[in-house]
Asks: 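Take a look at this one; I'll ask things after.
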Amino acid sequence: MAVITYRQALHDTLREEMLADEDVFLIGEEIGVFEGSYKITAGLLDEFGEKRVRDTPIAEEGFIGAAVGAAMQGLRPVAELMTINFSLIALDQIVNHAAKIYGMFGGQCSVPMVMRTPGGGGQQLGATHSQNIELYYAFVPGLKVVAPSTPADAKALLRASIADNDPVLFLENLALYNTKGEVPETVEPAEIGKAAVSRPGNDITIIGYSRMATVAHQVADKLEDEEGISAEVVDLRSLRPLDRETLVESVRKTNCAVIAEDDWLTYGIGAEIAASISDGAFDSLDAPVRRVAAAEVPLPYAKPLERAALPSAESLTTAVHETLEAVGRRR
Amino acid sequence: MAVITYRQALHDTLREEMLADEDVFLIGEEIGVFEGSYKITAGLLDEFGEKRVRDTPIAEEGFIGAAVGAAMQGLRPVAELMTINFSLIALDQIVNHAAKIYGMFGGQCSVPMVMRTPGGGGQQLGATHSQNIELYYAFVPGLKVVAPSTPADAKALLRASIADNDPVLFLENLALYNTKGEVPETVEPAEIGKAAVSRPGNDITIIGYSRMATVAHQVADKLEDEEGISAEVVDLRSLRPLDRETLVESVRKTNCAVIAEDDWLTYGIGAEIAASISDGAFDSLDAPVRRVAAAEVPLPYAKPLERAALPSAESLTTAVHETLEAVGRRR
Amino acid sequence: MAETATRSKPASGGAGKTRRNGTRSSGKRVQTGANNVFSGESPDTLRDYFRQMTLIRRFEERAAQGYTQAKIGGYCHLNLGEEATVVGLMSALRRSDYLFTNYREHGYALAKGIEPGRVMAELYGRTSGTSKGWGGSMHMFDVDSGLLGGYGIVGGQIPLATGAALAIDYRGGDQVVMCQLGDGTTNIGAFHESLNIAALWNLPVIFVVVNNQLGMGTTVEKSSAESELYKRAVAYRMHGERVDGNDVTAVNEAASRLVEHARATGEPALLETVSHRLKGHSVVDPSKYRSQESVDAARAADPVATFRARLIDSGVLDEDGAAEIERQAQADADAAVAFADDSPHPDVSTLFDYTYATPVANDSRRLPADPVF
Amino acid sequence: MAETATRSKPASGGAGKTRRNGTRSSGKRVQTGANNVFSGESPDTLRDYFRQMTLIRRFEERAAQGYTQAKIGGYCHLNLGEEATVVGLMSALRRSDYLFTNYREHGYALAKGIEPGRVMAELYGRTSGTSKGWGGSMHMFDVDSGLLGGYGIVGGQIPLATGAALAIDYRGGDQVVMCQLGDGTTNIGAFHESLNIAALWNLPVIFVVVNNQLGMGTTVEKSSAESELYKRAVAYRMHGERVDGNDVTAVNEAASRLVEHARATGEPALLETVSHRLKGHSVVDPSKYRSQESVDAARAADPVATFRARLIDSGVLDEDGAAEIERQAQADADAAVAFADDSPHPDVSTLFDYTYATPVANDSRRLPADPVF
Ligand SMILES: Cc1ncc(C[n+]2csc(CCOP(=O)(O)OP(=O)(O)O)c2C)c(N)n1
Ligand SMILES: Cc1ncc(C[n+]2csc(CCOP(=O)(O)OP(=O)(O)O)c2C)c(N)n1
Ligand SMILES: [Mg+2]
Ligand SMILES: [Mg+2]
C-alpha cells in the first residue's frame, strides 16, 4: 500500500475522476496557471487544458454561482474555494441557491457539484484567514458536508462527493495537506453520512473530524502507551448528515466522551455532538461531555497568542484526564 | 402602561435614539420612501431627512460595509437588513470585517453599529425567504446577538444595542411585528448577555427566544390552566453572549428541559443550549433535554407542508408532555 | 422612446463562433418607437403577441384576486405593465433555449410555453403546479419549456444563468441563455461578477434588464449612479442596448438579434427594456410613494391597450377580433384558476422527498415534535 | 506610459462642494511618461520621494529576510516594484486623510508616516507593532497617521472606505479617503457595489487600482473583460484615469489633483496606476508561472533604479547623495528590525482583551483546555 500525502490523494483523485468522466471539470481561483494556492491541482491544467481546469477572476459569488448553474445542466463541477474564509462571499449562492434548488423546484433539478475548501488556523494568518466555519454548511439541509482526516478518506470521500448528485462541501485543512497515510491501490467511494470508529477503545470516546481527528489519534496513542488508557476515537467524516448512532454506540460502551474541534466552542460543531450524545446515551453517560475547542476570539497573529487560542494535543489530553477523573477511572 | 406592538416599540425606539444622538442614523433598503418593507421606519424619513434615513441601492455587502466604515469613524449606524435571508450577501462584511476589526487591529478601533433584521418562516415565502440563520452570527466572537420576544424587550435591547460599542445583530421576527405587549413609559437599556426567567415554574423548563419564546409562554399558560403543570420559561434574549448560568439554574430546579427554536434542529441554536444544560446541570437532569425545531428541509411554499415543517404550540406541547412522562411526572 | 446602442449592432448569425472582439467600435442606433409601422411581422404573429399579452394581463388580474382571497400566499409580484417586454423577449427564444428570471415571472412562464393551469396551480401551492407547490409565485421551474427558475433573491439568478451558458459552451450546444433581472438588481455584486465572467469567457447569455423604473419604492436615479443601465455593459466590453419595453415588436427585434448573435458567436450582451410597473411592487403594496405623474405615465403607456389600438389602427385586428381574443384570455385565466383550485395540495408525507437527490445515510427526517432518539 | 482620462480633468479645488454632474463631457489627456522634465516639484521633494522609495525597498528586503528566517509568519506580500506608486499616492494625502488598503501595505504604512520600527514589529508579532501583534503583515492600523487598515479579504476594504467617506460627508469634514486595491480586485462584487454607492452619494473617496498586472498568477487580461481598468468608472458616471505607476511624480500629480477635487466637491474618482510586481505574489511564491519577458520588463522598469537615474541625470542628486540616502535607508530598515526583535511578544493573559469594546456579561473567556462549567 502506498504512503502518500493528503495533498497527493486529493490531486490523484481529481485527476482520476476527470479521466473517468468528461463532465467533471475544475473551477476556481489560481487553480490552473498558479497550480493552486496549496498546489492540489498542480499539473492538471497542462494535462486537461483550460476547458477542464478553469481559472476564474476573483469573484467567489460569481464563479460558485456559475458552477451551480453548470451543475444544473448535469455537469459535475469541482470548485476550489481558496480557503473557507473566502467562501462567505459565495454563501448566498451556496445556501440560498445550490442547497435550495432541488427542493424549491419540487425535485426537478439536482445540483451535482463539489466545493473543496480548506479551513484551519495555526499558520499565523490572522483573524480573517484562520477560521473554521464548516458549521455554516453543516447546518443547511440540502447540502452535504464531509471532512476527511486521512489521505485514504480524502480519496474515498472525494470520489463519493463527485459521484453524488447533491452539492457537497468538501472540507480540507491547511495543516493536513502535508500529512501522510496509507492509500490502497483502489479506493471505493465512501458512504457519505457515516462516521468511523477509527481506533477502538474502551475507557473513553474521543470524537474529532478533519485535523482534530488526527490529533485525537495522537493523543489516544500516547494515552495507551504512557498510561494504559484505552481511548476509542470516532472520526465523524461527515458533518451533514451526522451519524449519531455511531457516536452514541461508542459512548454506551465507554460511558464518557471528549470532543475535539478546531472551531469556536459556543454553537460550534461540538455543541450538536455533545447534545446528541447527552440525549442518545443519557443513561450511559457517567460525566458531562467535554469539549475542547478554539478560544472565542478573533484569532491573533502573534504566535504565542495564536498557540494559546487553538486546541492541541495538550489541551485534549488535559480534557481527557479530567473527564476520566470525573468518572473515577483515573487517580 | 401602554400596550403597543413590537413594530411600534422598534419604531419609537429608533426615533427616540435618533432624537437623542445626532450620530445615530438609519441605513438600508427601502427604509425611507417606502417606509420599510415591514414599516418599522414609517415616517422617519419625513421627520429626519435623507441624511439620517438613508435609502440604499440593493447592495447588502456594499451598504453594510459602508455602515461598518462609518461606525469605525464613531457614527452609530443602525442598518436594516430587509430579512435575515439577504444578510448572507453581507456576511463577509459582518463576519470578516465588523466582527474582526476591533481585535485584528489590537483594540484600536471599535465598530458601534446595529444590524436589525427579521427571521422567520410561516408566511409561505418559500425556501430562500423563510430561514432562521441567526446561528451564523451567534457563532462569531466579536459580534453580539440579541433576540427580543416582547415589545418591552425590543425597546430595552434596541436601546442597549445602539449604545453598545460593538457590532450587534438585532434579531426580529416577521411573526412578532404585530404582537402586542405592555411597555412602560421609560425603558432602561437592557443588559446584553442576560437571559430572563420570564415565567417562573417548577415542573419543567421551557427555553425559547424570539418568536418561540412567545409560543413557550402560550404553551406554559395552557399547561398551567388545563393540566396544572407549572412550567418555567427562560427567554434567552441574548444569543451571544449566552447566559448559561440562568439556564442551568432553572434546570437544577425543574430537572428537565425542552427547547423551542424556529431554526433547523441539527447544529441549531438549541444544540448549544442542550449541550450546556447537559453539562452544567448534569446531576440534576432527569431526562434528556428535548429540542423542538423546524424540520430539516428547504421550507416548502405549500401551506400544509410549511405548517408541518415548523414548530408550533402543538409540537412543543407534545415534547413537554413526553419529557414529563420520561421523568415520571405525568401519567 | 429612442433605442440606442453603445457598440455596433451585432450582425445576426452567420459569422460562426468567434471570440469576443474587445476592440469593437462604438456606434449608435436611433429608431422611432411608438407609431412604428410594423416591419416584417406577419399579422398572425402580431395577433399572437396580442393574445399572449392579453393572457398575461388576465392571468395576473386573477392572481391578484387569488391573493386577496388568500388562495395564494407569500409574496406575489405581477407583470402588469410588462406584457410587451415579456412577450417580445420570449418570442425571441426557442423552446430549447434557457430562461432564468427573478421572482416576477408568471408572465415569462406563460410566454415560454407552460400551461396557465400549471402556473396558477403553483401560486395555489398544488401538486400540479410548476414546482409541485414547493416554490410558489417566486420559484417556478419547468425543464420542458426551458424555464430554469424564478429566483427570489435579488441577483441570485445571474451567476446561475452564466453557469448554464458555461455548460452550453462546454458541451458545444447551440442554445442561448436569457437572464432576466430588474433595474434595481444592476447594483448588486452578483451582476458585476457575472457579466465580467460571461464576457471574459464569451458565454452565450443575454442579460435583460427589465427597467420598470422602480425597485420596490426606489427610482433608478436613486439607486444607479449610471441610470442609463445598458451603458454598464461597457465595463465588460460587452454590447449593451436599450429598447422601448412597451413595444412588443421592438423588444422582439432587439432580443432576437442579440439571441441569434449569441447563438452564432457565443457573445453575451446586455439588453435594457424600459417600461412601467402598473401596480405596486407586489400585490400587498399600495405604492403610496408613487407620484400621480408616474402613475399617469404608466397608465398612458399601458402596453396592452396601446398595442391593441395599434393593431386596430393598422387593420391587423378589428374590434370583434380583439374582443374575441380578450374573451378567450379571460376564459383561459378562469380555467387556470379552476384547474388550480381543483388540484390536490401536497401531502405531508412528501415533506422529506426533496432534500437530497442522492439518498444519504442518516438524513434527518424529523417533524418538529419528533425526538432525536 | 501614456496617461489617459475617460472624463474631463477635474478642476482642482475652488469650485466649492457641488453635486456630481452626471453629464460631464468626455476628454482625454495625453502626457509623456518617462524622461519627463520635472515640473513643479522642488529638489527637496524629489529627494524625499527617492528617500521614501528607497526606504520601502530596503524595508521590504528586510521583511523578506525576516520571513525566510521565520521571524515573520503568515503571508507576507511586498511592495517591491510599487515604490513609486506608493510614495506618489501617499504624498498626495494629508496626514488627516484616511487610507484603506489591501494586505500589501507595508510601504503605505511607512509612507503614511508610521515609524518603520512599528511596522516591522507588527510583522514580528510584537506588542510595539502597529496592531500590537494582533494583525501581522496583512492587518496594520494606525489612527494617528490615518491608516484605517490593511485588509486580507480581497475587496473587503472597499465598502469600509466608502463608509468612512460617508462619515466625512455626514459630519461635513474636509478629509478625503483613499482606497487602494489591486487589479484582480476590480472583479469582485464589493468593488461594484461600493463604486456605485460612492458615486450615487457623492462621497469623497479616491479608489486607486494598483495594477501590477497580476492577481497572484492571473493576468489582467485573463481576469477582467475590460482590461483598461480605469474605464470601469464609466459604469458609475465616475471619473477614471490611468497613470504610469513607475513614475512617482506622475502618480503624485494625478493623485493630488483627484484628492483635492474630492476635497472640494466630494466627488469620488477611480485612479489606475500601472506598474510591475518585482517578485512573487507573496514571499513564498517562486512565481514559476511568469514569463522571462514579464520578469525582464519588470526589472527594466524598476521604479527605484529609474528614478535614481533620472535624479542624477537632471542634477537633483549626485552619486554620493544617492548613496547617502541608500545608506540611511538601509540603516533605518536595520534599526526597524532591531527594534522589532527587541520588542516583547504579547502575553497570553491578553488573549481576551480585544473581543469586545464594550464589556459584556457572560462573555466566553475559555482556553481550549478549560471546561464550560
Ligand atoms: C438580496 C436581496 N435583497 C433584497 C431583496 C428584497 N427585494 C425584493 S424585490 C426588490 C426590488 C428589486 O427591484 P428590481 O430589480 O428593479 O426588480 P422589480 O421588482 O422592479 O422587477 C427587493 C429590494 C431580495 N429579495 N434579495
Ligand atoms: C475574497 C478573497 N478571495 C481570494 C483571496 C486570495 N487572494 C489573496 S491576494 C489575491 C490576488 C489579488 O490580486 P490583486 O487584486 O491584483 O492584488 P495584488 O496581490 O496584485 O496586490 C487573491 C486571489 C482573498 N484573500 N480574498
Ligand atoms: Mg424594477
Ligand atoms: Mg495585482
Side-chain angles (χ1 to χ4, degrees), chain B residues 29-30 32-35 37 50 55-62 82 85-86 88-89 123-130 260-262 264-266 274 288 290-312 314-319 321-323 326, chain C residues 72-75 103 122-127 129 131-139 151-156 182 184-190 215-219 222-225 281 285 287-289 345-348 350-355 363-373:
Chain B
E29 293 164 8
E30 306 293 338
V33 171
F34 198 85
E35 306 204 297
S37 235
E50 285 193 358
D55 275 324
T56 74
I58 312 174
E60 281 82 5
E61 188 173 13
M82 200 179 281
N85 306 283
F86 314 148
L88 291 186
I89 293 176
Q123 325 277 314
Q124 282 193 270
L125 295 174
T128 63
H129 278 56
S130 307
E261 56 186 327
D262 255 328
W264 294 303
L265 188 138
T266 303
R290 179 76 173 260
R291 288 178 270 167
V292 176
E296 297 179 41
V297 296
L299 196 68
Y301 163 77
K303 197 69 209 171
L305 295 179
E306 188 192 48
R307 199 183 295 119
L310 295 179
S312 62
E314 291 70 48
S315 45
L316 178 54
T317 305
T318 302
H321 281 159
E322 291 179 6
T323 301
Chain C
I72 299 172
Y75 296 141
Y103 44 82
E122 188 58 35
L123 299 181
Y124 275 55
R126 309 302 169 98
T127 55
S131 304
K132 302 186 191 160
W134 281 63
S137 167
M138 302 196 286
H139 307 117
Y151 294 84
I153 301 290
V154 160
T185 303
T186 62
N187 300 305
I188 205 153
M216 297 186 68
T218 306
T219 60
K222 278 204 61 174
S223 66
S224 301
H281 170 68
D285 170 23
S287 44
K288 282 193 264 178
Y289 49 84
H345 292 277
D347 197 90
V348 171
T350 63
L351 183 62
F352 298 104
D353 283 3
Y354 303 127
T355 316
D363 178 17
S364 165
R365 293 170 167 260
R366 266 171 228 100
L367 291 172
D370 294 341
V372 174
F373 289 93

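None of the values given here were measured: they were computed from a predicted structure. Within every chain, numbering begins at 1; the chains are lettered A, B, ... in the order of the sequence lines, protein sequences first and strands thereafter.
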Asks: Quick one: does any side-chain atom of B:Tyr301 pair with a main-chain N or O of C:Leu123 as donor and acceptor, under 3.5 Å?
Replies: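 Yes: the side chain of B:Tyr301 pairs with the backbone of C:Leu123.
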
Asks: Going from CG on C:Asp347 to CG on B:Leu305, what distance comes out if it is rounded to the nearest 0.5 angstrom?
Replies: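 Rounded to the nearest 0.5 Å, the CG-CG separation comes to 8.0 Å.
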
Asks: Using the ring of each side chain (for Trp, its six-membered ring), is C:Tyr75 parallel, tilted or perpendicular to B:His129, with breaks at 30° and 60°?
Replies: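 C:Tyr75 and B:His129: perpendicular rings.
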
Asks: Who wins among B:Gln123, B:Gln124, B:Glu30 for the most heavy-atom pairs under 4.5 Å with chain C?
Replies: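 Of B:Gln123, B:Gln124, B:Glu30, B:Glu30 has the most heavy-atom pairs under 4.5 Å with chain C.
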
Asks: Out of curiosity, C:Ile188 CD1 to B:Phe86 CZ, how far, rounded to the nearest 0.5 Å?
Replies: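 It is 9.5 Å, given to the nearest 0.5 Å.
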
Asks: Non-hydrogen atoms of chain C under 4.5 Å away: do they reach the side chain of B:Glu50, the backbone, both or neither?
Replies: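 Just the side chain, heavy atoms under 4.5 Å.
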
Asks: Distance check, rounded to the nearest 0.5 Å: B:Lys303 atom NZ versus C:His345 atom NE2?
Replies: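 B:Lys303 atom NZ to C:His345 atom NE2 measures 12.0 Å (nearest 0.5 Å).
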
Asks: Under 4.5 Å from any heavy atom of chain B, what part of C:Met138 do you find: side chain, backbone, both or neither?
Replies: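 Contact with chain B is through the side chain of C:Met138 alone.
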
Asks: Would you indicate whether the side-chain heavy atoms of C:Tyr103 and B:Thr128 approach each other to under 4.5 Å?
Replies: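 Not touching, per the 4.5 Å side-chain cut-off.
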
Asks: From C:His139 NE2 over to B:Leu125 CG, what is the distance, rounded to the nearest 0.5 angstrom?
Replies: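 Output value for this atom pair is 9.0 Å.
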
Asks: Would you mind checking which part of B:Thr318 comes under 4.5 Å of any heavy atom in chain C, side chain (CB onward), backbone (N, CA, C, O), both or neither?
Replies: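 The side chain, not the backbone.
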
Asks: Within a strict 4.5 Å, meaning less than it, do heavy atoms of the B:Ile58 and C:Ser223 side chains meet?
Replies: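 They are not in side-chain contact.
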
Asks: Using every non-hydrogen atom in the two residues, find where B:Ala302 and C:Gly125 come nearest and quote the distance to one decimal.
Replies: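 B:Ala302 and C:Gly125 have their closest heavy atoms at CB-O, 3.4 Å.
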
Asks: Quick one: of B:Ser312, B:Ala293, B:Ser37, who has the most non-hydrogen atom pairs under 4.5 Å with chain C?
Replies: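 Greatest number of close heavy-atom pairs with chain C: B:Ala293.
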
Asks: Atom CZ in C:Arg366, atom CG in B:Leu265: separation rounded to 0.5 Å?
Replies: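 Spacing of CZ (C:Arg366) from CG (B:Leu265) equals 6.0 Å.
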
Asks: When only pairs under 4.5 Å are counted, which of B:Thr323, B:Leu310, B:Asn85, B:Thr266 shares the most heavy-atom pairs with chain C?
Replies: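 Ranked by contacts with chain C, first place is B:Leu310.
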
Asks: List the steps and the verdict of side chain to side chain contact (heavy atoms under 4.5 Å, CB included) for C:Asp285 and B:Phe34.
Replies: CA-CA 10 Å; C:Asp285 170 23; B:Phe34 198 85; 3.6 Å; yes

Asks: So what's closer than 4.5 Å to chain B heavy atoms on C:Val348: side chain, backbone, both or neither?
Replies: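 Contact with chain B is through both the backbone and side chain of C:Val348.
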
Asks: I need the C:Trp134 CH2 to B:Leu299 CG distance, nearest 0.5 Å.
Replies: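 Going from CH2 on C:Trp134 over to CG on B:Leu299, the span is 8.5 Å.
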
Asks: Could you walk me through whether B:Arg291 and C:Val372 pass the side chain to side chain contact (heavy atoms under 4.5 Å, CB included) test, one step at a time?
Replies: CA-CA 8 Å; B:Arg291 288 178 270 167; C:Val372 174; 4.2 Å; yes

Asks: Against chain C, work out which of B:Gly126, B:Ala308, B:Ala59 has the most heavy-atom pairs shorter than 4.5 Å and name it.
Replies: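 Heavy-atom pair counts peak at B:Ala308.
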
Asks: Is there a donor-acceptor pair closer than 3.5 Å between any side-chain N or O of B:Arg290 and the backbone N or O of C:Ala369?
Replies: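 A pair under 3.5 Å: yes.
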
Asks: Tell me, do B:Ile89 and C:Ile153 make a side-chain contact under 4.5 Å, heavy atoms counted?
Replies: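 They are in side-chain contact.
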
Asks: Count the heavy-atom pairs under 4.5 Å between each of C:Thr355, C:Asp363, C:Leu351 and chain B, then report the option with the highest count.
Replies: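 The answer is C:Leu351.
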
Asks: Using non-hydrogen atoms and a 4.5 Å limit, figure out which bit of B:Arg307 sits close to chain C: side chain, backbone, both or neither.
Replies: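 Looking at B:Arg307, nothing touches chain C.
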
